[in-house]
Amino acid sequence: MSDHPSTGFLWGTATSAYQVEGAVDEGGRGRSIWDEFCERPGAVVDGQSGRVACDHFHRWEEDLDLMRGLGIQAYRFSIAWPRVLPEGTGHVNERGLDFYSRLVDGLLERGIEPMATLYHWDLPLALGEVGGWHSRETAHAFAEYARVAAERLGDRIRLWATLNEIPVIVHEGHCVGTHPPGERCEAQVINQVRHHLLLAHGLGTQALRAAARKRPSVGLVDCPHVPEPLTESEGDIAAARDAFERMNGVRFDPVFRGRYPAAWWEAQGASVPEVRDGDLATIQQPQDFLGLNVYSSWNVASAERGVCQLETHFPQTDLQWPIMPDCLYWATRFAHEVHGLPAIFITENGCAYPDQVNGRGEVDDFARIAYLRGHLRGVDRALAEGLPLRGYLLWSFLDNFEWAKGYAKRFGIVHVNFETLRRTPKASARWYAQHIATHSPPRAERA
Ligand code: FCB
C-alpha cells in the first residue's frame with residue numbers, strides 16, 4: 001500500500017455529473033448512455049432526465065459559494081466522460097476539460113478539497129453502442145480517459161476515485177435492467193461485465209498515476225454489503241465480518257488480493273468470466289484509499305443464524321431504505337479488518353425525504369438531521385477506535401436526478417426547486433455546518 005500525506009479528516013458533500021449538471025447539449029459534450037436511456041418510454045419515472053437537472057453546469061459558482069458558506073471542506077463530484085471525450089476515445093474536447101478546470105480552481109480558491117470520480121455511470125453513448133462494458137476495449141478506453149483527465153487536472157486534484165459502485169452498474173444495468181443499458185443478462189455475461197469494470201479500475205489507476213503531475217491518491221468507490229452483528233458478542237461480530245468478506249469478495253478479493261474468491265469461482269461453473277493472463281495483477285493496484293458508499297446495513301448477522309433480516313421494523317427513508325445508524329462504523333471496521341486499508345472515506349451517506357419549502361421559505365428536514373446525527377456517531381466511534389477513516393462526504397449537496405426514480409427522491413441538504421432552479425439550504429445544511437464547525441474528531445494520523 002502506498003502512503004500519501006493526508007491533511008486530516010475532511011467533512012464534505014458529494015454529487016455526480018449526470019445528476020446535477022444538466023446542459024447535456026452544451027460545451028461540446030457527447031451523448032451518454034443515460035441520455036439515451038431516459039428517452040425510452042417508461043425507463044424513468046414521469047419520463048424525466050438529467051437534461052436540465054440542477055443546472056449546475058451554469059450555476060456552479062453559486063453552488064460553490066453556498067458550500068463555502070457552510071464550511072464544507074471537500075467536494076466529491078464526477079467528471080462526465082462524454083464532456084471530455086465525446087466519442088469515448090480519440091478526440092479530446094477542451095471545452096469540457098475547461099469546465100472541470102474552472103470548477104477545480106473555484107473549489108481550491110474557496111479552500112475546498114476536490115475529490116473527482118472518473119466514472120459515475122455516464123458512459124459515452126458511442127462506447128455503449130459498440131458493446132459498452134461487455135467489451136474489454138471499454139476498459140482500455142477508460143484508461144485513455146483517465147490519462148487525459150489526469151494530464152489536465154492532476155496538477156490540482158489530489159483525490160481521485162476511479163469507478164463508482166461496480167455492484168450497482170452490474171446489477172441495475174445488466175441483471176435487472178433498471179439502468180442503462182437496460183439488460184437482463186445471463187450469469188456469464190454479468191461476470192464478464194464485472195471483470196471488465198474491475199480491469200478498468202486497475203488500468204485507470206495505472207493511467208492516473210502515470211499522468212498526474214502531483215502524486216495522486218487513488219481509490220475505488222464501492223457500496224459493500226454491510227451485515228451488522230445482531231449483538232456485540234464476539235461470535236456475532238465474527239459472523240458479520242465473515243459475511244462481509246464473503247458477500248463483497250467478488251470485487252474486493254481481485255482488487256486487494258489479486259484473485260477471485262475460490263468458493264465463488266467454483267460456484268459459477270461454466271459462467272466464470274474470461275480472465276486473461278496478467279488481468280488480476282492489473283486489477284490489484286496498490287490503493288491509497290477505499291471509498292465506501294453506505295446508506296444502511298440492510299441485514300444483521302448472528303453466530304446462530306448467519307445473515308438474515310431478523311429485525312424488519314426499522315424506520316425507513318423515502319426510498320424504503322431501513323435506517324440502521326451503526327452501518328458506517330461496521331462498514332469502516334470490517335473493510336479495514338478484512339483488507340488492512342491505508343485510508344477509508346465514506347464517499348456517500350445520506351437519505352431521501354419528500355422535502356418541501358414551507359410558508360416561511362424554509363425546509364424543516366428534521367428527519368434528515370436525525371438520520372445524520374445517528375450515523376455520524378458511527379464516524380466518531382470509528383475514529384475513537386483508531387480506524388483509518390479520513391473523511392465523510394454527505395450525499396448529497398443538492399436535491400438531484402435520482403436516476404430511474406427521477407426528481408421526487410430528494411437527497412440534498414440544499415433544496416432545489418426544479419422549476420425555478422432556486423436553491424434553499426435546508427435545516428440539515430445549517431445543522432451540518434454547525435457539526436463541521438463544532439465537531440472536531442481526533443486529527444487523523446497522517447496516512
Ligand atoms: C448511490 C449512487 C448515487 C445516488 C445515491 C442515492 O448508489 O452512487 O449516485 O444515486 O445512491
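These numbers were taken from a predicted model, which means no experiment stands behind them. Every number for a ligand or one of its atoms is a count from 1 in the order of the listing.
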Filter the ligand 1-protein atom pairs down to N or O on both sides and distance under 3.5 Å, then list them.
{"residue": "ligand 1", "atom": "7 (O)", "partner": "Glu165", "partner atom": "OE1", "Å": "2.6"}
{"residue": "ligand 1", "atom": "7 (O)", "partner": "Glu165", "partner atom": "OE2", "Å": "3.0"}
{"residue": "ligand 1", "atom": "8 (O)", "partner": "His120", "partner atom": "NE2", "Å": "3.3"}
{"residue": "ligand 1", "atom": "8 (O)", "partner": "Asn164", "partner atom": "ND2", "Å": "2.9"}
{"residue": "ligand 1", "atom": "8 (O)", "partner": "Glu165", "partner atom": "OE1", "Å": "3.4"}
{"residue": "ligand 1", "atom": "8 (O)", "partner": "Glu165", "partner atom": "OE2", "Å": "3.4"}
{"residue": "ligand 1", "atom": "8 (O)", "partner": "Glu348", "partner atom": "OE1", "Å": "3.2"}
{"residue": "ligand 1", "atom": "8 (O)", "partner": "Glu348", "partner atom": "OE2", "Å": "3.0"}
{"residue": "ligand 1", "atom": "9 (O)", "partner": "Gln19", "partner atom": "OE1", "Å": "2.7"}
{"residue": "ligand 1", "atom": "9 (O)", "partner": "His120", "partner atom": "NE2", "Å": "2.8"}
{"residue": "ligand 1", "atom": "9 (O)", "partner": "Trp403", "partner atom": "NE1", "Å": "3.0"}
{"residue": "ligand 1", "atom": "10 (O)", "partner": "Gln19", "partner atom": "NE2", "Å": "3.4"}
{"residue": "ligand 1", "atom": "10 (O)", "partner": "Glu402", "partner atom": "OE1", "Å": "2.8"}
{"residue": "ligand 1", "atom": "10 (O)", "partner": "Glu402", "partner atom": "OE2", "Å": "3.1"}
{"residue": "ligand 1", "atom": "10 (O)", "partner": "Trp403", "partner atom": "NE1", "Å": "3.0"}

query: What pairs with His415 under side chain to side chain donor-acceptor pair (under 3.5 Å), at least two apart in sequence or on another chain?
result: Arg410
message: The criterion is side chain to side chain donor-acceptor pair (under 3.5 Å); which residues satisfy it with Asp242, sequence neighbours excluded?
response: none
message: I'd like to check the side chain to side chain donor-acceptor pair (under 3.5 Å) partners of Tyr18; sequence neighbours left out, ordered by chain and number.
response: none
task: Taking only Lys NZ, Arg NE, NH1 and NH2, and the carboxylate oxygens of Asp or Glu, determine whether Arg251 and Glu245 approach each other closer than 4.0 Å.
output: no
field: With Trp34, the ring-ring contact (aromatic ring centres under 6.0 Å, His included) member among Trp121, Trp403, Trp81
entry: Trp403
message: Using a strict threshold of under 4.0 Å (side-chain N to carboxylate O), is an ion pair present between Arg368 and Asp355?
response: yes
